[in-house]
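Scroll down for the structure; my scribbles are underneath it.
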Amino acid sequence: MPAALPIVAYLRVSTSRQGRSGLGLEAQRENITRFAAAEGYEVIGEYVEVETGKGADALERRPQLTAALNAARKRKGSVVVAKLDRLSRDVHFISGLMSHKVPFIVTELGADVDPFILHLYAALSEKERNLIAGRTKAALAAKKAQGKVLGGPKLPEAREAAQVVIKTNADRYAANVLPLIKDAQKAGATTLRDIANALNARGVSTARGGSWHATSVKNILERPIALKAQVGARS
């Protein structure tokens with residue numbers, strides 16, 4: 001049985017927020033893992049890049065891509081990405097990468113795609129990006145000409161509105177779960193942990209879809225809507 005061919009996985013997300021949350025990374029990793037297993041490759045390394053869109057097509061701003069190139073060159077392997085835009089949408093940048101003499105594999109295009117095809121796809125992707133940008137700019141100009149105010153609400157106002165929505169939803173959920181907590185107490189639950197166990201046994205999820213713990217029950221009971229209900233029951 002022939003030895004598996006070495007490949008170096010390169011994953012990229014476009015903002016630090018996405019990097020912290022892992023948004024998109026797991027999907028890319030899973031895609032590359034499936035591809036390697038199906039095509040007989042061995043992933044010998046993984047390099048993850050988190051960078052802003054500005055200057056994304058400058059190799060010196062992509063240290064992890066440089067490291068992936070060096071690792072693949074050392075093992076005489078290829079650099080693999082899930083989608084071409086994880087490398088770049090700039091055809092000149094793609095051309096520059098080809099000059100490093102390290103093969104690139106794009107899983108969505110397959111293992112045997114000719115480098116010329118990669119250039120072609122990059123050119124099409126770049127053209128699509130420019131068309132979208134052009135249409136967006138034209139649409140904004142048309143709205144401005146019609147006298148419409150562009151842009152959304154100011155950040156403090158948006159944040160305040162979001163907090164109101166969050167509080168309203170949390171109060172609504174607390175109001176729905178309080179009767180269940182009272183039922184558990186009537187059935188003999190005397191501690192926060194007892195109540196949590198009773199809610200879990202009934203298949204009730206927390207507002208975020210998780211399991212109940214003593215602290216999550218405590219948070220419900222300390223909400224203003226719950227305290228008000230307790231005062232009303234005593235009066």
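Just so it is clear, the structure is predicted and the values come from calculations on it, not from any experiment. No hydrogens, no waters, no symmetry mates; every other heavy atom, side chains included, goes into these values.
- N31 meets the side chain to side chain contact (heavy atoms under 4.5 Å, CB included) test with R34, A82, T107; sequence neighbours excluded.
- A heavy-atom distance below 4.5 Å is not found between the side chains of T33 and V43.
- Panel note: side chain R12, backbone D85; a donor-acceptor pair is recorded below 3.5 Å.
- G77 approaches V102 most closely through the heavy-atom pair O-CG1, 4.1 Å.
- Between L221 and L178, some side-chain heavy-atom pair lies under the 4.5 Å cut-off.
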Can L69 and F104 be said to form a side chain to side chain contact (heavy atoms under 4.5 Å, CB included), step by step?
CA-CA 9 Å; L69 285 166; F104 283 90; 3.4 Å; yes

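- For the pair V106/F35, no side-chain contact is recorded, criterion being any heavy-atom separation below 4.5 Å from C-beta on.
- Contact between V79 and A72 at its shortest, heavy atoms only, is CG2-CB, 3.8 Å.
- Screening N70, V81, L87 against L65 for a side chain to side chain contact (heavy atoms under 4.5 Å, CB included) leaves a single residue, L87.
- By the 4.5 Å heavy-atom criterion applied to side chains, V48 and Q28 are not counted as neighbours.
- Within 6.0 Å of CZ in R193 there are 12 or fewer heavy atoms belonging to other residues, nucleotides or ligands.
- Here the side chains of L11 and I32 are in contact, with some heavy-atom distance below 4.5 Å.
- The CD atom of E222 lies 10.5 Å from the OG1 atom of T215; values are rounded to the nearest 0.5 Å.
- Between atom CD of residue Q64 and atom OH of residue Y10 there is a gap of 8.0 Å, rounded to the nearest 0.5 Å.
- Taking CG from N197 and NE2 from H213, the interatomic distance works out to 10.0 Å, rounded to the nearest 0.5 Å.
- Atom CD1 in I220 sits 12.0 Å away from atom CG in L192 (nearest 0.5 Å).
- Among residues at least two apart or in separate chains, there is no side chain to side chain donor-acceptor pair (under 3.5 Å) pair with a member in residues 75-84.
- Here I44 contributes atom CD1 and L5 contributes atom CG; the two are 10.5 Å apart, rounded to the nearest 0.5 Å.
- Annotation for A4 and Y41: closest pair CB-C, 4.0 Å, computed over non-hydrogen atoms.
- Taking CG of N176 as the reference point, atom CG of L180 lies at 8.5 Å (rounded to 0.5 Å).
- For A196, the side chain to side chain contact (heavy atoms under 4.5 Å, CB included) criterion is met by W212, V217, not counting sequence neighbours.
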